[in-house]
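Input: a single structure, listed below in structure tokens.
Numbered from 1 within each chain, the chains take letters A, B, ... in sequence-line order.
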Amino acid sequence: MKPDKKVGIYGYGAYVPRYLIENSSIAGVWGKLATPIKSKSFPSIDEDSLTIAYEAARIAIESSKAPRDRIRAVFIGSESKPYAVKPSGTVLVDALGLSNKILSADFEFACKAGTEAIQAVSGLVASGMIDMGLAIGTDTSQGRPGDELEYTAAAGGAAFILSRVSEGVIAEIEASHSYVTDTPDFWRRSEEKYPRHLYRFTGEPAYFHHITSSVTQFMEEYGYKPSDFKYAIFHQPNAKFPQRVAKILGFTREQIMPGLLSPIIGNTYSGATLVGLSNVLDEAQPDDLILLGSFGSGAGSDTFVFRVTDLIEERRARPPLKSFLKRMVTRDYSTYVRYRGKIDM
Amino acid sequence: MTEISDWRKRIERYRFQGSECVKCGARYYPSRIKCIKCGSEEMRDVELPRRGRVVSYTVIYNPPKKFSKYAPYAVALIELVDGTRVLGQLTDVDFDKIRVGMEVEATFRKLYEYGEDGHIVYGTKFRPVVS
């Protein structure tokens, strides 16, 4: 997809909570031998997907000095909304001091709700309906105690302010593509606390099929090849899947490592590819080309290509993601279950 | 209805917005309708600086019921960079690392909830500066 009027990223910010639990700590409780990643982030007892969205959005606005009164859409992608019914965006509008003349909605598409939000804001900006909009991917994802997902389901988020390229952007969206099918690999029914999944089914017909289809169709349609890109970011439910899908598609380890954070912070769900993109933007140089391939169970994948511009240096996120990673501290399983509300009182 | 009272205070809690005396310049958080320094009732809203230093602190182990989920937690007297002194909860901090003079910044967190099925009240807390 290519809009008539070019759209890009005006500013960005990312946030990961302070707390970390090592997979060995979870494995010690449940007696599992293999662990999919080294550690994962989890939120403090007073954090949720909304406070994480706030942190990321505030950094995006303050680092880019985006005029708050010109931001006219706030779309939040998340599968861990604090309320089942009550929008998160309205709180953000008042907390960030944005204009109340604004469109706001919460998006859900498992782990790709954040990139969906980017697609939607991009369309509004390109059409001229709004000058600027905020697209956010944020989650404090859930894993049932002892389940495979408990080893990876993490917390974090990233926010992107989109505007027309003519406003001056740090990265232009050259094109995008979306691919979806009905593939029920992972789900959470209404009023259920924890999601369920179909084990290895989440790999081949879900994750790998959708990302390879989306990225391959995109490259065929717009004439890109893997060697065109300085960086590639793929959805990261664990450490292995993004490395394997990169290899299948012809990307190298050097291209994916700067955007691959799951081995340390886990799968931040709607935040995952966007936190990876933020980490890449923290080091990218003008004219670098970045490919992003998200994945959401159920299932679908969005592909984007961004070209970095000369404005990157003056609008990099402050603090950068690395500052949040550096302050992380390890906690044991008992603190983790208390902070995550896994103890029924 | 306390939920409605919380809603009325949302802007000052969300944005760390206090009040400033138009006559003598004294600043307050939470907001006051009358200056306790000069007695003036001419007050205006002001967004307070988000950074400051811990002047004194304590750790709460027996909190009011609405904060019990979060206990133990630290409460600090903080002097902001403009000299205004405010009381606030500290978060993302280990109690044995808190020091008088520690640099902190405002952050946005859950303050309390009206039970599992009630409102979640958000507002300002303070954490060690992330730079």
ask   = Between A:E55 and chain B, which part of the residue has a heavy atom less than 4.5 Å away: side chain, backbone, both or neither?
value = side chain
inquiry  = Counting heavy-atom pairs closer than 4.5 Å to chain A, which one of B:Y73, B:F108, B:Y122 comes out on top?
reply    = B:F108
Flag, side chain of B:R10 to backbone of A:A95, donor-acceptor distance under 3.5 Å = no
message = Using heavy-atom distances under 4.5 Å, tell me whether B:R13 contacts chain A through its side chain, its backbone, both, or neither.
response = neither
Contacting moiety of A:Y339, where chain B heavy atoms sit under 4.5 Å = neither
query = Do A:K86 and B:I120 have side-chain heavy atoms sitting under 4.5 Å apart?
reply = no
query = More than 12 foreign heavy atoms under 6.0 Å from NZ of A:K193: is that the case here?
reply = yes
inquiry  = Can you confirm whether A:K38 is buried at NZ, in the sense that more than 12 heavy atoms of other residues, nucleotides or ligands lie under 6.0 Å from that atom?
reply    = no
query = Atom CZ of B:R109 and atom CG of A:L50: how far apart are they, to the nearest 0.5 Å?
reply = 12.5 Å
request  = Flag yes if more than 12 heavy atoms outside A:R331 fall under 6.0 Å of its CZ atom; otherwise flag no.
outcome  = yes
query = Contact part of B:V129 toward chain A, heavy-atom cut-off under 4.5 Å: side chain, backbone, both or neither?
reply = neither
ask   = Looking only at heavy atoms, which two atoms of A:P319 and B:S131 are closest? And how far apart?
value = CB-C, 4.1 Å
ask   = Salt bridge between A:E62 and B:R50, side-chain N to carboxylate O under 4.0 Å?
value = no
Over 12 non-hydrogen atoms of neighbours within 6.0 angstrom of CD1 in B:I33 = no
query = Counting heavy-atom pairs under 4.5 Å to chain B, which of A:R327, A:R18, A:R318, A:K326 comes out on top?
reply = A:R18
request  = Check each of B:R127, B:K125, B:K110 against A:D46 using the salt bridge (Lys or Arg N to Asp or Glu O under 4.0 Å) test, and report the only one that passes.
outcome  = B:K125
task = Take atom CH2 of A:W187 as the centre, draw a 6.0 Å sphere, and report whether it contains more than 12 heavy atoms from other residues, nucleotides or ligands.
result = yes
message = Does B:N62 have more than 12 heavy atoms from other residues, nucleotides or ligands lying within 6.0 Å of its CG?
response = no
Candidate pair B:D92 and A:Y19, rule side chain to side chain contact (heavy atoms under 4.5 Å, CB included), full reasoning = CA-CA 9 Å; B:D92 285 357; A:Y19 299 105; 3.9 Å; yes
query = Between A:R338 and chain B, which part of the residue has a heavy atom less than 4.5 Å away: side chain, backbone, both or neither?
reply = side chain
